[in-house]
Amino acid sequence: MAETKPICSSIECRKEAHLQCPTCVKLGNTEGSFFCSQDCFKKSWGAHKAVHGNTKGLYEPFKTFKYTGPLRAVYPLSPRRAVPPEIARPDYAETGIPRSEILARNSDIKVCTPEEIEAIRVACKITREVLDIAAQAIRVGITTDEIDRIVHEATIERGAYPSPLNYNYFPKSCCTSVNEVICHGIPDQRPLEDGDILNIDISCYYNGFHGDCNGTYFVGNVDEAGQRLVKVTRECLEKAIAIVKPGTRYRDFGKVIEEHATKNGYSVVRTFVGHGINQLFHCAPNVPHYANNKAIGVCKPNHIFTIEPMICEGVHQEHMWPDGWTATTKDGKRSAQFEHTLLVTEDGVEILT
Ligand code: MF3
Ligand code: CO
């Protein structure tokens, strides 16, 4: 059979096509999946994406659920990804239950030794590398499941275990939170759309220690309002980090964050907080991001914890999807988040991620 060169699928374009829609590649579509340029791909997206929904049994799993916004879950989730047996894993990797974390509830804030700090440094460096790799993969048409695959592979390539995988039965290797999702979105088969904002939250477990960071990114062209939300959210984290030093109370960060958020017309999520992190994924201290909180503890040298404010365009309250993880805003408006793992030093702070 003669080989035929694909022609651009964009209407009225007959150019030779060298690009293939990534979702179509994944779904095994050939017909109508090639484009001559990003431009033609973008122009055709509105019509083209319908091709994806009709193939290979994709479905919306929560048939009677009242969504708060336009985002929909797109199932099936991909099968659980394997971690090579030689990679060391946290205690919940097999059971789903973080036993050591549960046993450590009510413990004091850990003061880490120089050796522990060195180990966390390495875990955090890997975590940052993986987040950067994931962020570079973002484009219109890629699914969050495909980003999860990239995250999983980059993590195990570095000899690390993706901390979210099976943590309290979380099914994937990272969290991907689109638009009105506040946090803990499960990577699925929804292709990213032009104008989405996407948070990718990465945590890696290496040599006995976890690192944790996240960032919110633009998919294609995001409107001014979305750009401003993301900018102000990043500033909220920066302003909180700026006051980290020995003597700062863990309840003080919320004031700085909420002040900057409300000044800009936004609200601060109250249900999810920053946390201590070390051999445990989540431990003391609790670090609320809202003002007038009652968090316990004072920053001391060699404490390690995260700050990870979630800032909303509308109300701060959340509504959970039936998957038990995905937390969306109650009004369906957008939410953004940034996170770093931080080390309290003798006179200030070191950002480990
Ligand atoms: N990485 C998130 C955090 O910042 C926690 C994710 S837990 C998961 O604390 F199970 F949802 F992955
Ligand atoms: Co965290």
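No hydrogens, no waters, no symmetry mates; every other heavy atom, side chains included, goes into these values. Here, residue 1 is the first one in the sequence, and each next residue gets the next number. All ligand and atom numbering here is 1-based and tracks the order in the structure.
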Phe281 pairs by ring pair (Phe, Tyr, Trp, His ring centres under 6.0 Å) with which of Phe170, Tyr167, Tyr161?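 Passing option: Tyr167.
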Have a look at ligand 1 and work out which part of [X], if any, has a heavy atom under 4.0 Å from it: side chain, backbone, both or neither.
X	answer
Cys183	neither
Ile202	neither
Pro164	both

Check whether any heavy atom of Lys172 sits under 4.0 Å from an atom of ligand 1. no
Hey, does Asp201 sit under 4.0 Å from ligand 1 if you only count heavy atoms? yes
Are [X] and [Y] close enough for a salt bridge, meaning some N to O gap below 4.0 Å?
X	Y	answer
Glu259	Lys239	no
Glu153	Arg81	no
Arg149	Asp145	no

Can you confirm, on distance only, whether ligand 1 has an N/O atom lying under 3.5 Å from any N/O atom belonging to [X]?
X	value
His275	yes
Glu339	yes
Asn214	no

Atoms in ligand 1 with a heavy atom of His184 nearer than 4.0 Å: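 Near His184, the atoms of ligand 1 are 5 (C), 6 (C), 11 (F).
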Identify, by atom number and element, the atoms of ligand 1 in contact range of Ser203, meaning under 4.0 Å from any of its heavy atoms.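 Listed by number with element, the hits are 1 (N).
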About how large, to 10 degrees, is the angle OD2 of Asp212, then the Co ion (ligand 2), then OE2 of Glu339? 90°
Please name the atom of His275, restricted to N, O or S, that is closest to the Co ion (ligand 2). NE2
Looking only at N, O or S atoms, which one in Glu308 sits nearest to the Co ion (ligand 2)? OE2
Does the salt bridge (charged side-chain N to carboxylate O under 4.0 Å, His left out) test come out yes or no for Lys245 and Glu346, once each step is laid out? CA-CA 7 Å; Lys245 62 172 188 304; Glu346 293 301 324; over 6 Å; no
Centre-to-centre under 6.0 Å for [X] and [Y], is that the case here?
X	Y	answer
Phe35	His18	no
Phe41	Phe34	no
Tyr92	Tyr169	no

For [atom], what's the nearest protein heavy-atom neighbour? Residue, atom name and distance, please.
atom	answer
atom 5 (C) of ligand 1	His282 NE2, 3.6 Å
atom 4 (O) of ligand 1	Glu308 OE1, 2.7 Å
atom 7 (S) of ligand 1	Tyr167 CD2, 3.8 Å

For the residue pair Asn214 / His340, report whether a side-chain donor-acceptor contact shorter than 3.5 Å exists. no
Answer yes or no on whether Arg72 is positioned over the face of Tyr67, meaning its NZ or CZ is under 6.0 Å from the six-membered ring centre and within 45° of the axis. yes
